[in-house]
Number of protein chains: 2
Amino acid sequence: MDLSSIEIFLAVASDRSVTKAAKAVGRVPSNVTTRIQQLEEDLGVSLFSRDGKKMTLTREGETFLGYANRLMTLALEARQAVRPLAPSGTLRVGTMESTAASRLPAALTQFNQMWPDVSLHLTMGASRDLTRDVLSDVLDCALIARPPKTMREEDSSFDAELKALEMEPVFVEDLLIVLPSGHPSIKSAADLRVGSLAALEPGCTYRRIAENWARKSSALPTSELGSYHAILASVATGNTAGVMPRSVLDLMHWPTPVQTHQLGPVETLLVYRRTDRPSAFNAFHEVLSATKGRDVRLATN
Amino acid sequence: MDLSSIEIFLAVASDRSVTKAAKAVGRVPSNVTTRIQQLEEDLGVSLFSRDGKKMTLTREGETFLGYANRLMTLALEARQAVRPLAPSGTLRVGTMESTAASRLPAALTQFNQMWPDVSLHLTMGASRDLTRDVLSDVLDCALIARPPKTMREEDSSFDAELKALEMEPVFVEDLLIVLPSGHPSIKSAADLRVGSLAALEPGCTYRRIAENWARKSSALPTSELGSYHAILASVATGNTAGVMPRSVLDLMHWPTPVQTHQLGPVETLLVYRRTDRPSAFNAFHEVLSATKGRDVRLATN
DNA sequence: GTCTTAATTCCGGAAACGAGATCTTTTCAT
DNA sequence: ATGAAAAGATCTCGTTTCCGGAATTAAGAC
């Protein structure tokens, strides 16, 4: 039995889907299938019942879920316990608006329980700015979106800054264009029937990805809004298309189901300086890794 | 972090030696070294202090030891919990005298705690007889010594019986010739200055290994005794050399340190029929595997 | 100082793993 | 009802990891 298999199991159990889970843990679906099958063979029982395309936990799966969570928590605790000195002091974390909304709450809760002595300073901002702040030691680390290759090529200074930092993927977001209800489904930016794109600040990587995608076929203006709530509201007016990751959209339980178009997966990176890491950072790093692809609602079992 | 690394860590912690631990978990020393180093790198602390050739736990190692034990126990519990039906009924286990004395107590204690509904029938006997009893369904499984290749060749019926059964190594014993105190150290059987070899019944594999070793150079008679205590007492008289695994000798805290000569490692196998396994057997099998190379004294932490 | 034993390092073969392509089945839309 | 899309399973292939054995180094015993 392997702890990474258990992590995968938790993701599948939480998403009830191999594909989703695969994205959540940053692997390919076939791999997830195999690991689950290995786990089932190892335990000698089937953990999921495959009725149709839904993966639902069997009764044995349910009981195993409890142990799996305890196992992961215990492993994390072990990790922390051997750390010679308990981290304390301040940790300055930069994060994108979207990550703060969808991914961080679970991780921050656990972190606070584990290390009450660390006071965490959260700063919201765009990836571009956050990266600079980490470099100049205004922040200790930041969660940013990995810019696609084409974008890094046309902004070489950003690229150079990133290269000077350590980075590690922690989440994968499904970046969406959110369309007004009633808008016909689209294949490319040319099919857009709206007057503008609604996004956050200029330094926001998601915004720039969307702009790059849009400018291939049309010349839409971008209207800048301050929050994802504002963006959704703007979409509801019917004349704008919004940009946001699926995890954020899922959070908002919007009254009417909206049309979406996928711009593809975008990794969220934890970036930090190679040297000069406060001990609280290591603790934060570990909690983040453990939270990876795990659902809070299940972790409380 | 990998559960097999933790098993290895437990073995090293318990033996304070990578060579011993390697034997205990059925691996090669270099491998144990590597896994421990990986674990240390993964955790970011050193678990052992290598002062000279002794491996002693550091303070961090001590705290990790506690977690490691809990982790293994929890994993075992998880395994058992998903088993659809709790095993019950009777399980007839055959074992060698030596295994019953040195290795089984820990495993049986844990087994009884986990499965109070199973009544365990222990039968003591020689490997040869135990094997037959498993084949003829007098026993459900047995712990026997793996006969070395030369022995299997000269007793083809034993070999055939073994081939008809499933087998799995669970322990490794260091088989010893125990010499009277004051006896000069020996290189081969020719150096023996005693009148006889003291061992158990004729079907005992350890006895036959020793006899094979002895007859290469001298023609010693074998005196048959009923227990390891009797053998040691006989050795104390000064005119016999005893045969027993090191684990048994260690148990007996004999007043004077005795001279020993190694006959080499002998594996202890769990043998069972390919089909027709009671559910209690699977539970027993798992508990044995988990106990593998683990020290009871440490497991109570 | 030499000999022995234990731990580590190095290296080659084997097994496991992960990614992508393909196949099968279910589901949803027309 | 039929076709298209999507999700899970299966297969293959390239890569990585892992294990075991040989060589190396270091510590203790005589």
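Proteins come first, then strands; the chains are lettered A, B, ... in the order of their sequence lines, and each starts at number 1.
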Practice task
May I ask you to verify if any side-chain N or O of A:S17 is less than 4.0 angstrom from the OP1 or OP2 atom of D:dG8?
Solution key: yes

Practice task
Ignoring the backbone of B:V28, work out which of C:dA7, D:dG21, C:dA19 is nearest its side chain.
Solution key: D:dG21

Exercise for the section: Could you tell me whether B:V18 contacts a base, only the sugar-phosphate backbone, or nothing, with contacts defined as non-hydrogen atoms closer than 4.0 Å? Expected result: sugar-phosphate

Practice task
Please determine if A:R35 and A:D2 form a salt bridge, counting it only when a charged side-chain N lies under 4.0 Å from a carboxylate O.
Solution key: yes

Exercise for the section: Flag yes if more than 12 heavy atoms outside B:R50 fall under 6.0 Å of its CZ atom; otherwise flag no. Expected result: yes

Practice task
Compare side-chain N and O positions of A:Q37 against OP1 and OP2 of D:dG8 and report whether any pair is under 4.0 Å apart.
Solution key: no

Practice task
Taking only the side-chain heavy atoms of A:R35 (C-beta and beyond), determine which of D:dC19, C:dA19, C:dG18 contains the nearest atom.
Solution key: C:dG18

Practice task
Would you indicate what B:T33 reaches in the nucleic acid, counting non-hydrogen atoms under 4.0 angstrom: base, sugar-phosphate, or nothing?
Solution key: base

Handout entry: B:N31 vs D:dG20: side-chain N/O to OP1/OP2 distance below 4.0 Å
Key = yes

Exercise for the section: Measure from the side-chain heavy atoms of A:Q38 and tell me the nearest of C:dA6, C:dC17, D:dA7. Expected result: C:dC17

Exercise for the section: Taking only the side-chain nitrogens and oxygens of A:R50, find out if one of them lies under 4.0 Å from OP1 or OP2 of D:dG8. Expected result: no

Problem - A:Y272 and A:H285 aromatic ring geometry - parallel, tilted or perpendicular at 30°/60° bounds - result: perpendicular

